[in-house]
Undergrad: 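Can you read through this structure? Questions will come right after.
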Amino acid sequence: MAGVRSRHSLSPSEQREFQSVLEKRQTRDMMQFYSNLVQRCFDDCINDFTSKALSTKEETCVSRCVDKFIKTSDRLGQRFAEQNQAMMQGGGAGSAGAGFGGR
Amino acid sequence: MSFLGFGKPQPTLAEKMAAAEQELEMITDMFNRLTRSCHNKCIPTDYKEADLNKGESVCLDRCVSKFFDVNIRVSEAMQSQSQAMRGAQGGSGFGA
């Protein structure tokens, strides 16, 4: 998740250290994203076990599922960042929804 | 947080990193939940096509907006609940 801003004021060197934390986390999140996606598309598309091999219908479904999910994620990510930004600037009521990044 | 004229010592790097990491954890979790919920609510599972159509896109946008609203409202409700509890216990001290 790029482009979010921090409430905690870290110095540049602290920022760099935090960057490596962020990167490790991003790798982990990516792997979880992948696992999640496999499960979702399997659950939604594969319901017929009369054959061992994937049918064309199932393959197409999985392919569309992946595309759609990635596009959905991208869109949600954009909206999320916008809302997050707006909330931080508005100085809203909550400790919920603050963000990260450089200053 | 109130400063009674002494001033707190600066948080250490470890403390700052831990706080920032915890915040990141919370935001990531929030985003993952939002993704799961909005996908379930807005995207039909027959996957007729690979692209998002207009209806789905609009649904997703509104979903994010409402999710944030709910987040704020729950946060406010919980804060007022916990304040009410503190008041009932005859709470003293300086408020945060």
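Letters A, B, ... are given to chains in the order of the sequence lines, protein chains preceding strands, and every chain is numbered from 1. Just so it is clear, the structure is predicted and the values come from calculations on it, not from any experiment. All heavy atoms count here, side chains included; hydrogens, waters and symmetry mates do not.
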Undergrad: Would a single hydrophobic cluster contain both Val58(B) and Leu76(A), if residues Ile, Leu, Val, Met, Phe, Trp and Tyr are joined by side-chain heavy-atom contacts under 4.5 Å?
TA: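 Each belongs to a different hydrophobic cluster.
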Undergrad: Once you round to the nearest 0.5 Å, how far does CD of Glu17(A) lie from CG of Leu13(B)?
TA: 5.0 Å
Undergrad: Of all of Gln78(A), Arg75(A), Gln32(A), Lys71(A), which one pairs up most often with chain B through heavy atoms under 4.5 Å apart?
TA: Arg75(A)
Undergrad: Take Thr45(B) and Arg40(A) through the side-chain contact (heavy atoms from CB on, under 4.5 Å) test and state the conclusion after the steps.
TA: CA-CA 10 Å; Thr45(B) 57; Arg40(A) 180 179 282 277; 5.8 Å; no
Undergrad: Does Met87(A) reach the side chain of Ile72(B), with side-chain heavy atoms less than 4.5 Å apart?
TA: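 Yes; the side chains approach each other to less than 4.5 Å.
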Undergrad: Below 4.5 Å, heavy-atom pairs only: which of Cys38(B), Ser65(B), Cys42(B), Ser57(B) has the largest tally toward chain A?
TA: Ser57(B)
Undergrad: Find out whether Ile27(B) and Asn84(A) are in side-chain contact, i.e. whether some heavy atom of one side chain is under 4.5 Å from a heavy atom of the other.
TA: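 Heavy-atom side-chain distance check passes, below 4.5 Å.
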Undergrad: If hydrophobic clusters are built by linking Ile, Leu, Val, Met, Phe, Trp and Tyr wherever their side-chain heavy atoms come under 4.5 Å apart, do Val38(A) and Met30(A) end up in the same one?
TA: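 No, it is not one cluster - the side chains of Val38(A) and Met30(A) are not joined through contacts under 4.5 Å.
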Undergrad: Taking all non-hydrogen atoms of both residues into account, name the closest pair between Cys61(A) and Tyr47(B) and its distance.
TA: SG-CD1, 3.9 Å
Undergrad: Would Leu60(B) and Arg79(A) satisfy side-chain contact (heavy atoms from CB on, under 4.5 Å), going step by step from the backbone distance to the final call?
TA: CA-CA 9 Å; Leu60(B) 290 173; Arg79(A) 292 294 103 82; over 6 Å; no
Undergrad: What part of Asp29(A) is in contact with chain B, defined as an atom under 4.5 angstrom from a non-hydrogen atom: side chain, backbone, both or neither?
TA: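 Just its side chain gets close to chain B.
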Undergrad: Is the number of heavy atoms from other residues, nucleotides or ligands under 6.0 Å of Arg28(A) CZ greater than 12?
TA: yes
Undergrad: Please report the interatomic distance CD(Glu49(B)) to OG1(Thr60(A)), rounded to the nearest 0.5 Å.
TA: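 Going from the CD atom of Glu49(B) to the OG1 atom of Thr60(A) covers 13.5 Å.
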Undergrad: Please check if the number of heavy atoms outside Gln39(A) that lie under 6.0 Å from its CD is greater than 12.
TA: no
Undergrad: So for Ile43(B), is it side chain, backbone, both, or neither that comes closer than 4.5 Å to the heavy atoms of chain A?
TA: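 Only the side chain of Ile43(B) comes within 4.5 Å of chain A.
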Undergrad: Can you tell me how far the CG atom of Asp46(B) sits from the SG atom of Cys45(A), to the nearest 0.5 Å?
TA: 9.5 Å
Undergrad: Search all heavy atoms of Ala20(B) against all heavy atoms of Phe18(A) and return the closest pair with its distance.
TA: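 For Ala20(B) and Phe18(A), the tightest heavy-atom pair comes out as CB-CE1, 3.5 Å.
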Undergrad: Taking the six-membered ring for Trp, are Phe69(A) and His39(B) parallel (under 30°), tilted (30 to 60°) or perpendicular (over 60°)?
TA: tilted
Undergrad: Kindly compute the distance separating CD1 (Ile70(A)) from CG (Leu52(B)), expressed to the nearest 0.5 Å.
TA: 11.5 Å
Undergrad: Go through the steps to decide whether Phe80(A) and Met30(B) satisfy the test side-chain contact (heavy atoms from CB on, under 4.5 Å), and finish with yes or no.
TA: CA-CA 10 Å; Phe80(A) 186 85; Met30(B) 183 178 164; 4.1 Å; yes
Undergrad: Please check: side-chain N/O of Arg64(A) versus main-chain N/O of Lys48(B), any donor-acceptor pairing under 3.5 Å?
TA: yes
Undergrad: Is there a side-chain contact between Thr72(A) and Thr35(B) in this structure, where contact means two heavy atoms from C-beta onward sitting under 4.5 Å apart?
TA: no
